[in-house]
Number of protein chains: 2
Amino acid sequence: MYNSDTATLPSVASFVFHFKKAKFWGDNMDDELKQALHEKGLRLTPQRQIILEVMLNLGGRHLTADEIYSLVKKQTSDVSLATIYRTLELFVDMNIFRRFDSGDGVFRYEIDTKKSEHYHHHLICLNCGKIKEFNDDLLDELENRISEKGFVIADHCLRFFGYCKECKNALENEKDS
Amino acid sequence: MYNSDTATLPSVASFVFHFKKAKFWGDNMDDELKQALHEKGLRLTPQRQIILEVMLNLGGRHLTADEIYSLVKKQTSDVSLATIYRTLELFVDMNIFRRFDSGDGVFRYEIDTKKSEHYHHHLICLNCGKIKEFNDDLLDELENRISEKGFVIADHCLRFFGYCKECKNALENEKDS
DNA sequence: CTATTTGCAAAGCGTTTGCCGGCCG
DNA sequence: CGGCCGGCAAACGCTTTGCAAATAG
């Protein structure tokens with residue numbers, strides 16, 4: 001599937017736009033991150049700064065720890081995988097990132113925009129490995145039905161596996177020839 | 001969460017009933033399994049037999065490979081974890097079991113009753129770790145909407161994390177006292 | 001100054017694989 | 001006999017951890 005070194009990710013521009021629009025971070029995200037860390041008695045280090053930056057500007061979304069590591073390493077050689085994992089765990093705790101697993105046993109991370117927008121689901125292409133998103137509030141209805149049965153929902157995860165439009169077309173052409 | 005040695009699983013009786021009702025296997029499952037294997041040039045071995053048996057009669061559902069290993073080992077010392085994994089992979093290929101991942105990085109296995117009933121979703125309790133099921137066809141509608149966008153769906157996975165009725169009550173009582 | 005944070009290397013965990021002997025058909 | 005099969009142990013990939021040195025505030 002994805003290779004760390006060649007990770008090209010979809011619609012970065014649109015994501016940045018989307019993210020800015022969400023107004024989760026102001027213009028000076030460093031200060032905001034710094035303050036958020038301070039509240040917990042923690043510090044803003046270059047590594048943490050770059051990791052957030054990478055996820056915002058370069059990485060796009062749905063990256064594995066290793067992919068993030070590669071991207072961060074392009075900015076500074078002063079990082080280790082261990083720090084990536086530690087920072088990711090920290091940011092997940094702080095609700096800055098979200099961790100989910102794409103079904104192949106490797107965790108992936110994405111910016112957590114939960115606060116400002118509806119949950120989204122993942123469409124995972126079994127051919128090219130790309131992960132797209134799909135928004136729908138149909139799940140609200142389903143959650144209501146489950147709540148009625150006495151189960152208190154804290155979180156959910158919905159993934160669809162299949163073939164994206166591009167791969168489907170490519171595979172069909174292959175078959176024809 | 002679960003400990004292999006103390007794995008007590010919910011509603012085994014109701015599951016067996018449910019499973020028999022599904023008529024996926026007749027009364028003599030050994031013969032049916034044997035034949036299914038023969039068609040692929042494979043053999044029915046004691047280990048394979050016991051693994052299926054355990055999943056049907058003892059284990060209930062949603063077991064990890066290690067939990068299955070423990071349960072099988074109670075019946076025969078002549079097993080290894082490697083065989084469990086190899087058999088699980090085989091049975092998954094044969095659509096006898098299904099593999100899914102419960103979000104904690106460990107794969108779990110369950111009988112695959114896909115052929116005879118609607119898909120079910122998992123309700124995972126964050127307190128006791130029990131996994132319950134929930135059937136609903138609301139997802140069909142959602143799948144239709146996704147298909148309209150050109151994504152061909154092959155499979156899906158829907159999990160809810162939260163607190164089951166029992167744990168919710170227990171936690172509330174704890175808080176009161 | 002000192003608690004936090006880091007890189008490094010090693011350990012941990014669930015899972016997979018190579019090998020060889022054993023067994024079924 | 002010839003393939004399938006199993007146990008064993010080692011390898012594997014991702015993730016976590018212990019430790020001593022570095023550093024933010």
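Excluded from the calculations below are hydrogen atoms, water molecules and symmetry mates; all remaining heavy atoms, backbone and side chain alike, are included.
- Rounded to an integer number of Å, the gap from K34(A) NZ to dT23(D) C1' is 13 Å.
- Phosphate proximity of dT15(D) to Y85(A): present, with a side-chain N or O under 4.0 Å from OP1 or OP2.
- At least one donor-acceptor pair under 3.5 Å links the side chain of S70(A) to the backbone N or O of D66(A).
- Rounded to whole angstrom, the span from the CZ atom of F107(B) across to the C1' atom of dC14(D) amounts to 12 Å.
- The residue K40(B) sits apart from the nucleic acid: no heavy atom pair falls under 4.0 Å.
- Using a 4.0 Å heavy-atom criterion, one finds that E89(B) contacts no nucleic acid atom at all.
- For dT23(D), the OP1/OP2 oxygens have no side-chain nitrogen or oxygen of Q47(A) closer than 4.0 Å.
- Contacts of S80(B) with the nucleic acid, taken as non-hydrogen atoms under 4.0 Å apart, include base atoms.
- The existence of a salt bridge linking E53(B) and K74(B) is excluded, since no basic side-chain nitrogen approaches an acidic carboxylate oxygen closer than 4.0 Å.
- Between the C1' atom of dG14(C) and the CZ atom of R99(B) lies a distance of 11 Å, rounded to the nearest Å.
- When each of A82(B) and K73(A) is assigned the nucleotide of DNA chain C bearing its nearest heavy atom, the one mapping closer to the 5' terminus is K73(A).
- Rounded to an integer number of Å, the gap from CD of E67(A) to C1' of dG13(D) is 14 Å.
- Going from atom CZ of F100(A) over to atom P of dT15(D) covers 12 Å, rounded to whole Å.
- Checked against dT15(C), dG25(D), dG6(D), the side chain of T83(B) finds its nearest nucleotide in dG6(D).
- R108(B) has its CZ atom 11 Å from the P atom of dG14(C), to the nearest Å.
- A donor-acceptor contact under 3.5 angstrom links the side-chain atoms of R43(B) to the base of dC4(D).
- Distance CG (D78(B)) to C1' (dG21(C)): 13 Å, rounded to an integer number of Å.
- Interface remark: the R86(B) side chain does form a donor-acceptor pair with the dG18(C) base, using a distance-only criterion of under 3.5 Å.
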Anything under 3.5 Å between a donor and an acceptor, one on a side chain of residues 147-154 of chain A, the other on a protein residue two or more places apart or in another chain? List them.
from: S147(A); atom 1: OG; to: E143(A); atom 2: O; distance (Å): 3.0

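- For R48(B) and dG6(D), the shortest distance from a side-chain N or O to OP1 or OP2 is below 4.0 Å.
- Note: CD (Q49(A)) to C1' (dA24(D)) measures 12 Å, nearest angstrom.
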Quick one: side chains of residues 38-48 of chain A, donor-acceptor pairs under 3.5 Å with protein atoms, not counting sequence neighbours, listed by atom name and distance.
from: T45(A); atom 1: OG1; to: R48(A); atom 2: N; distance (Å): 3.3
from: Q47(A); atom 1: NE2; to: D78(A); atom 2: O; distance (Å): 3.2
from: R48(A); atom 1: NH1; to: R43(A); atom 2: O; distance (Å): 2.6

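- Remark: the backbone N or O of T64(B) is paired with a side-chain donor or acceptor of E67(B) at under 3.5 angstrom.
- Within the 4.0 Å cut-off from OP1 or OP2 of dT6(C), at least one side-chain nitrogen or oxygen of T45(A) is found.
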